[in-house]
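A short write-up of the structure that comes next.
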Amino acid sequence: MTTTASVVGGTGFTGGELLRLLDGHPEFAVVQATSRSEANKTVGGVHPNLRHMNLRFSDPEDLDSVDVLFACTPHGVSMERIDRFRDAAGTVVDLSADFRLPAAEYYDDHYDGHDRPELLAEAEYALPELNRENLPGADLVAAGGCNATATIVGLLPLFGHDILSGGERIVVDVKVGSSEGGAGGGAAASHAERSGVVRPYAPTGHRHEAEIEAYLGTSVSFTVHAVDMIRGASATCHVFPDDPVSKGDMWGAYRGQYEDEPFVRMASGGGGVYRYPEPKAVAGSNVAEVGFEVDPPNERLVVFSAIDNMMKGSAGQAVHAANVALGFEETTGLAATGFHPIGSP
Amino acid sequence: MTTTASVVGGTGFTGGELLRLLDGHPEFAVVQATSRSEANKTVGGVHPNLRHMNLRFSDPEDLDSVDVLFACTPHGVSMERIDRFRDAAGTVVDLSADFRLPAAEYYDDHYDGHDRPELLAEAEYALPELNRENLPGADLVAAGGCNATATIVGLLPLFGHDILSGGERIVVDVKVGSSEGGAGGGAAASHAERSGVVRPYAPTGHRHEAEIEAYLGTSVSFTVHAVDMIRGASATCHVFPDDPVSKGDMWGAYRGQYEDEPFVRMASGGGGVYRYPEPKAVAGSNVAEVGFEVDPPNERLVVFSAIDNMMKGSAGQAVHAANVALGFEETTGLAATGFHPIGSP
Amino acid sequence: MTTTASVVGGTGFTGGELLRLLDGHPEFAVVQATSRSEANKTVGGVHPNLRHMNLRFSDPEDLDSVDVLFACTPHGVSMERIDRFRDAAGTVVDLSADFRLPAAEYYDDHYDGHDRPELLAEAEYALPELNRENLPGADLVAAGGCNATATIVGLLPLFGHDILSGGERIVVDVKVGSSEGGAGGGAAASHAERSGVVRPYAPTGHRHEAEIEAYLGTSVSFTVHAVDMIRGASATCHVFPDDPVSKGDMWGAYRGQYEDEPFVRMASGGGGVYRYPEPKAVAGSNVAEVGFEVDPPNERLVVFSAIDNMMKGSAGQAVHAANVALGFEETTGLAATGFHPIGSP
Amino acid sequence: MTTTASVVGGTGFTGGELLRLLDGHPEFAVVQATSRSEANKTVGGVHPNLRHMNLRFSDPEDLDSVDVLFACTPHGVSMERIDRFRDAAGTVVDLSADFRLPAAEYYDDHYDGHDRPELLAEAEYALPELNRENLPGADLVAAGGCNATATIVGLLPLFGHDILSGGERIVVDVKVGSSEGGAGGGAAASHAERSGVVRPYAPTGHRHEAEIEAYLGTSVSFTVHAVDMIRGASATCHVFPDDPVSKGDMWGAYRGQYEDEPFVRMASGGGGVYRYPEPKAVAGSNVAEVGFEVDPPNERLVVFSAIDNMMKGSAGQAVHAANVALGFEETTGLAATGFHPIGSP
Amino acid sequence: MVDCPECGAGVDLHDDLEVGEIVDCATCGAELEVIGEGPVDLDTAPELEEDWGE
Amino acid sequence: MVDCPECGAGVDLHDDLEVGEIVDCATCGAELEVIGEGPVDLDTAPELEEDWGE
Ligand SMILES: NC(=O)c1ccc[n+]([C@@H]2O[C@H](COP(=O)([O-])OP(=O)(O)OC[C@H]3O[C@@H](n4cnc5c(N)ncnc54)[C@H](OP(=O)(O)O)[C@@H]3O)[C@@H](O)[C@H]2O)c1
Ligand SMILES: NC(=O)c1ccc[n+]([C@@H]2O[C@H](COP(=O)([O-])OP(=O)(O)OC[C@H]3O[C@@H](n4cnc5c(N)ncnc54)[C@H](OP(=O)(O)O)[C@@H]3O)[C@@H](O)[C@H]2O)c1
Ligand SMILES: NC(=O)c1ccc[n+]([C@@H]2O[C@H](COP(=O)([O-])OP(=O)(O)OC[C@H]3O[C@@H](n4cnc5c(N)ncnc54)[C@H](OP(=O)(O)O)[C@@H]3O)[C@@H](O)[C@H]2O)c1
Ligand SMILES: NC(=O)c1ccc[n+]([C@@H]2O[C@H](COP(=O)([O-])OP(=O)(O)OC[C@H]3O[C@@H](n4cnc5c(N)ncnc54)[C@H](OP(=O)(O)O)[C@@H]3O)[C@@H](O)[C@H]2O)c1
Ligand SMILES: [Zn+2]
Ligand SMILES: [Zn+2]
């Protein structure tokens with residue numbers, strides 16, 4: 001029996017990626033994709049890769065009843081419309097920041113507050129590598145932020161394997177592609193202005209600092225740069241542990257954490273062209289690559305993490321979590337590997 | 001019962017793509033991938049997207065017995081080693097130019113002759129849109145050239161629908177990505193020299209002229225430009241028919257030809273950003289996009305065609321043809337759609 | 001004694017390039033740059049390369065009196081404001097299409113007509129390679145279109161050297177960068193949608209067909225593709241002469257035409273990486289590269305031409321023409337060569 | 001009276017850039033450019049932007065007598081050939097690492113030792129912002145490393161303005177273009193493998209750590225990533241001072257340091273698209289952009305620095321230093337600004 | 001199902017579309033205006049001569 | 001199956017490898033030299049300080 005699904009915000013970048021994933025997912029049938037601006041137009045008119053889909057956008061005011069509703073709207077929309085979403089669907093998976101943080105204070109400090117703080121305790125953070133045990137049966141699931149996901153997946157093994165305890169200095173230097181900004185975009189997002197950049201776009205105070213702190217229990221010095229790719233987020237974490245850590249300790253921690261994870265892959269040195277995590281190597285897949293080096297003279301660990309922000313960083317993570325929540329085999333619909341060669345994906 | 005497969009030339013670009021496709025294909029099991037330079041190394045050490053595969057390259061001198069052998073070697077290797085390939089496998093699918101052309105003269109005129117001209121009559125051209133009826137049971141299959149494929153798929157409907165008969169003037173202006181050159185590459189293929197180019201790399205005399213002439217029965221004025229993408233080939237065909245052709249005539253021809261083709265998609269005008277065929281829109285998929293405009297003042301038809309050279313232009317076409325040859329459902333293992341957004345794929 | 005200059009439309013792409021050129025030009029002093037949207041802001045706030053200039057944008061309603069006014073506004077603005085421009089300046093150099101075409105009918109057929117058709121006879125076409133003799137003393141100069149310039153410079157030697165007479169079939173297949181669209185841009189111009197494209201954006205009916213016809217006296221079958229670069233226009237002209245033409249004939253024509261031209265350079269075969277004209281090789285300079293091959297089997301000539309649309313295709317051409325009009329040494333302020341290596345400029 | 005100059009290693013990337021700069025420099029006349037591989041070929045055959053130069057490569061064994069010899073050879077060549085270089089020229093400017101570090105131990109620790117350690121004390125570090133007073137009359141000048149230059153220019157104001165004293169924690173996360181690797185390049189430098197990357201290529205232990213330590217007196221935790229541009233190096237310095245530092249303190253330090261520097265420009269917040277230093281904004285120019293933010297919650301300063309590695313990071317710096325050494329006006333031949341718009345330069 | 005006036009392919013639509021609404025054809029992409037209801041009737045939409053890209 | 005001396009993961013190999021051959025570890029990518037046969041024994045291969053990219 002197929003599970004019906006709708007995508008609110010279907011013209012957007014994450015919405016389009018979700019439509020692609022759900023269309024290829026054997027358990028789901030997409031019955032609705034909403035758009036205010038493109039209502040009645042075919043999904044393929046916006047997403048050329050989906051020209052084969054026999055589906056037209058419809059108005060978000062008229063939500064069909066479905067099993068799962070995926071909300072792919074800008075921050076603030078889901079918290080306002082959450083009751084209507086839950087009326088329409090037994091399970092709501094939200095890709096925005098609206099239900100990601102575990103307490104109202106985070107929204108007071110880093111956003112403009114929250115309309116429905118009482119629901120925050122109900123919501124489950126989607127990242128299975130962190131929160132798998134709480135997802136089965138969850139009916140409000142909040143997919144993580146893309147930069148936060150890259151960072152959390154990179155640093156997680158250091159906590160709980162006696163390497164970090166939370167008070168250490170961590171610098172996270174992130175490089176991201178232009179799809180992070182969504183389909184809207186302004187002058188800075190034009191091809192002429194955005195091509196070839198290494199552009200500091202969030203030097204300090206990025207909101208994902210809060211998400212990382214909430215889920216890893218550590219503060220991080222976070223800076224994000226826009227670089228010339230469309231898909232992809234890459235986090236370089238410069239970590240200063242209190243005590244010396246060997247490469248063997250690191251392998252123990254990372255293999256211990258991730259050996260059985262279907263969507264985390266190690267890339268840490270060795271030969272060839274692709275020695276450490278790279279967005280290029282995971283583009284189009286739900287895989288996160290993680291790797292590291294130790295730097296004894298500087299008493300530093302360097303951890304690299306790379307994801308496709310459209311996949312592990314949003315739509316793929318959402319489907320992964322939905323698979324767990326609904327009891328499907330975890331990797332269903334997410335088995336596609338990346339590509340080689342691939343350009344600036 | 002799975003069908004066993006081997007890939008000769010597994011470190012190359014088409015070889016890597018075939019490994020990806022076969023690995024995800026429910027009917028095939030990859031038992032061997034050869035390399036002279038990387039023998040004993042893991043497939044994932046060269047193709048980072050295949051790090052999950054439990055396979056090491058082995059020497060092409062020691063061929064395993066398999067059901068299907070895919071040869072992904074430079075021009076000249078297959079014609080020399082064809083007997084050993086056929087000893088090892090019941091079906092040989094060759095991606096090089098060695099068995100593509102139907103007669104020895106083509107090789108005398110455009111290459112350095114042919115070692116085994118008597119086999120040319122046995123070989124079947126892989127492109128199902130052109131040669132589907134002869135593929136079932138074929139045991140020597142020759143995948144088409146990428147630029148030739150883009151051109152043939154674009155022009156095919158004009159022949160046989162009373163628009164062209166073969167003597168008309170046709171200019172084909174092609175734009176291609178860097179993966180067409182294979183993993184080797186020289187100075188011109190370095191990132192610094194190859195980025196951002198619009199570089200005429202085959203102004204005249206490209207060998208695919210012969211392939212197009214052999215299969216469409218028309219000569220074409222062919223020019224190829226390198227542009228800044230990795231995957232993709234785009235052919236713009238400027239066609240001068242003897243008699244006026246209306247847009248309705250064109251739709252009739254193209255819909256008539258392609259309505260039931262699983263891997264050809266029309267994109268011809270309309271609204272939105274993606275109005276005509278684009279490599280970006282098909283990257284990562286086996287789809288060919290075709291479209292056209294009519295230009296009455298210049299008595300011209302303009303036909304656009306776009307493919308991913310790694311897929312429809314080589315490895316995807318090879319698997320498509322193998323599916324037909326072996327009696328599998330045609331689209332098996334090739335259902336993946338493209339991506340949106342996607343950069344310079 | 002310095003010549004004073006103003007730039008109307010100073011926030012735009014051609015306006016910014018003009019400011020850069022005039023700022024480095026020993027004969028000119030820039031006294032005004034206009035903008036409606038950025039009035040009172042520094043020029044460097046929009047054009048980061050001009051942060052050293054001590055100049056703020058001012059309102060285009062308040063034009064200073066200057067020797068030369070450069071108009072860098074969208075089509076339609078100059079024809080409406082031409083009297084005010086001429087009141088403010090002894091010489092007006094217009095970069096838009098408003099005074100490019102020699103007769104009102106062109107505007108009726110290809111644009112929405114013309115407000116001041118009587119001025120068309122007064123205006124001089126800026127391209128010195130075509131119209132040098134009429135420029136000295138001209139007080140209304142119209143810079144050519146970028147794609148038209150690339151095409152005209154490529155084809156010009158074929159006329160007047162007994163190769164073409166005007167009735168022959170010519171296909172012009174153009175590839176352009178995103179700066180051609182100006183600083184405005186919409187959804188199709190965003191980095192995510194515009195990166196990595198080979199996108200047919202003007203399949204037929206491009207307005208520059210008229211400009212080429214007006215100045216070369218031949219009709220051309222013209223198609224323009226957007227490709228992944230910012231600066232640059234490359235025209236590939238497929239030409240079908242009535243009689244056979246040898247490579248020697250071609251060299252004679254091209255050397256005869258261009259030997260003494262300071263801003264035209266031949267690149268036609270030979271060794272190395274850069275054998276034919278490429279936008280990359282001329283980016284940042286006012287140079288046009290031209291080159292060719294002959295294709296006897298197809299009775300075809302292939303002519304390649306490459307320019308930087310910001311330079312030879314607009315601002316550089318405008319300064320070049322102004323130099324000639326005002327009697328300065330032709331190359332003044334335009335001597336900068338291109339770069340090597342350079343990416344996607 | 002012109003000063004004669006030769007370029008050893010003239011086919012390389014920095015050698016080509018030097019030829020471009022010297023060719024446009026009013027004080028210099030280039031009399032020789034060497035190459036082993038391209039001897040007797042024209043300079044324009046390798047560097048298409050220099051097709052107008054009337055110069056052929058000659059063998060590096062036959063050095064002409066000149067006033068200034070610029071050595072643009074890989075590490076190790078200059079230390080071996082230094083006597084012959086000095087025989088040929090009164091002033092030697094070396095762009096390699098061979099004379100950059102002030103003492104033999106650095107070479108023992110970070111390279112394979114030094115052949116001529118006694119010359120290290122004679123050599124002057126080229127960066128005028130750091131070492132201007134020692135350059136006039138210097139006859140052995142060593143241009144800085146590109147990543148070191150970006151970092152030193154970024155951090156310099158923090159020392160000597162009471163913000164840092166040398167023991168503080170500093171993380172330097174660098175992003176560089178592909179021209180840093182020189183014209184050689186291997187598999188990892190091919191267009192297909194190198195496009196679109198965020199690739200950690202020197203996770204730890206980069207040799208420029210030593211150069212920074214030698215000239216700033218501080219150790220830094222240094223990591224370099226390859227990103228998709230050709231020219232450009234961008235350093236993000238995450239700095240942890242012992243005491244709180246205000247934005248005013250920072251402006252004081254940076255303005256104090258750089259107000260009169262002709263080739264350093266501040267970009268630190270504000271509006272528009274280009275708010276912080278970006279390689280794109282300085283590409284093609286000798287300008288270094290520097291800027292910063294303060295991050296009180298993390299007790300961090302973030303300093304950004306961006307240069308064109310071909311200019312400020314090598315050839316431009318070399319000419320700048322030569323200007324000072326020879327007593328020319330400092331900015332001679334280096335006045336060209338960057339471009340806007342410009343792609344991935 | 002109604003035929004596209006541009007390319008002739010069938011266009012799949014809800015029946016509750018109103019006159020004046022714009023839809024696109026899934027085959028040719030043409031923008032089509034609903035000119036009649038129940039059953040839906042379509043005509044090519046007046047082309048917006050918009051600037052498309054450059 | 002033999003353990004990787006670098007990361008500790010199991011390394012899957014044919015038994016007919018010869019001493020001196022170089023393999024890589026599928027987990028950490030380390031280049032490993034075969035230093036004993038039947039069963040295969042591995043050690044970290046001497047690192048080629050090659051130029052890797054830039
Ligand atoms: N892009 C990423 O990498 C990424 C990663 C992780 C999380 N996210 C989060 O995912 C969400 C979507 O991001 P995106 O990049 O897909 O954005 P986007 O491309 O801008 O798409 C937003 C979508 O929401 C619709 N929409 C906007 N306002 C709406 C409203 N008031 N009511 C109903 N629909 C509305 C828009 O369509 P119409 O205007 O046609 O209705 C559009 O389909 C955001 O919250 C973002 O923070 C994004
Ligand atoms: N790239 C495309 O877009 C494309 C499209 C259509 C058709 N093709 C055709 O497909 C074939 C492969 O192209 P490619 O782009 O994949 O090339 P490639 O990347 O250069 O790969 C060639 C492969 O062949 C192996 N090889 C080379 N010489 C060999 C020999 N003598 N014996 C055994 N193996 C040998 C190489 O590996 P080792 O050196 O490690 O053995 C490598 O794995 C060519 O014939 C090409 O024309 C390519
Ligand atoms: N881009 C090219 O490659 C190229 C090549 C050849 C010719 N051209 C032609 O050159 C002209 C400028 O092109 P562009 O690419 O520079 O365009 P752009 O980047 O869009 O700039 C247009 C400029 O005009 C100003 N402007 C717009 N409407 C105006 C009005 N009604 N009155 C006064 N100022 C107005 C705008 O500034 P504010 O809105 O701030 O006032 C802006 O500074 C166009 O006619 C174009 O066809 C362009
Ligand atoms: N690229 C940068 O961004 C950058 C920045 C700062 C400093 N540097 C330093 O500048 C130097 C040159 O770098 P590059 O990027 O220009 O390198 P490159 O592109 O590889 O060029 C090296 C040049 O040296 C010549 N050469 C090589 N070995 C030689 C030898 N034994 N004797 C004489 N000539 C020899 C080569 O030409 P032939 O083989 O034809 O003789 C070639 O012209 C290096 O030391 C590099 O570390 C580079
Ligand atoms: Zn239609
Ligand atoms: Zn290992």
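Throughout, a chain's letter reflects where its sequence line sits, starting with A, and its residues are numbered from 1. Here the structure is a predicted model, which is why all the values come from computation and not from measurement.
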- Hey, does A:His47 have a side-chain heavy atom less than 4.5 Å from the side chain of B:Tyr274? no
A:Arg20 side chain vs B:Thr337 backbone, donor-acceptor pair below 3.5 Å = no
Given B:Gly45, B:Gly284, B:Ala336, the one with more heavy-atom pairs under 4.5 angstrom with chain A than any other is B:Gly284
Among A:Glu17, A:His52, A:Arg51, the residue with the most heavy-atom pairs under 4.5 Å to chain B is A:Arg51
Look at the side chain of A:Arg231 and the backbone N and O of B:Pro341, then say whether any donor-acceptor pair between them is shorter than 3.5 Å. yes
Self-check item: Heavy-atom side-chain contact between A:His340 and B:Pro48 under 4.5 Å
Solution: yes
Assert top hit (heavy-atom pairs under 4.5 Å, partner chain A, pool B:Ile230, B:Asp228, B:Val287) equals B:Ile230
For a ring pair (Phe, Tyr, Trp, His ring centres under 6.0 Å) check, start with the C-alpha distance between B:Phe13 and A:Phe339, then their side-chain angles and the critical distance, and finish with the verdict.
CA-CA 10 Å; B:Phe13 282 170; A:Phe339 296 88; over 10 Å; no
So, the part of A:Glu289 with a heavy atom under 4.5 Å from chain B: the answer is side chain
So, the part of A:Met310 with a heavy atom under 4.5 Å from chain B: the answer is side chain
Taking every heavy atom of A:Arg265 against every heavy atom of B:Asn49, the minimum-distance pair comes out as NH1-O, 3.9 Å
When the 4.5 angstrom heavy-atom criterion is applied to B:Ala281 and chain A, the contacting part is both
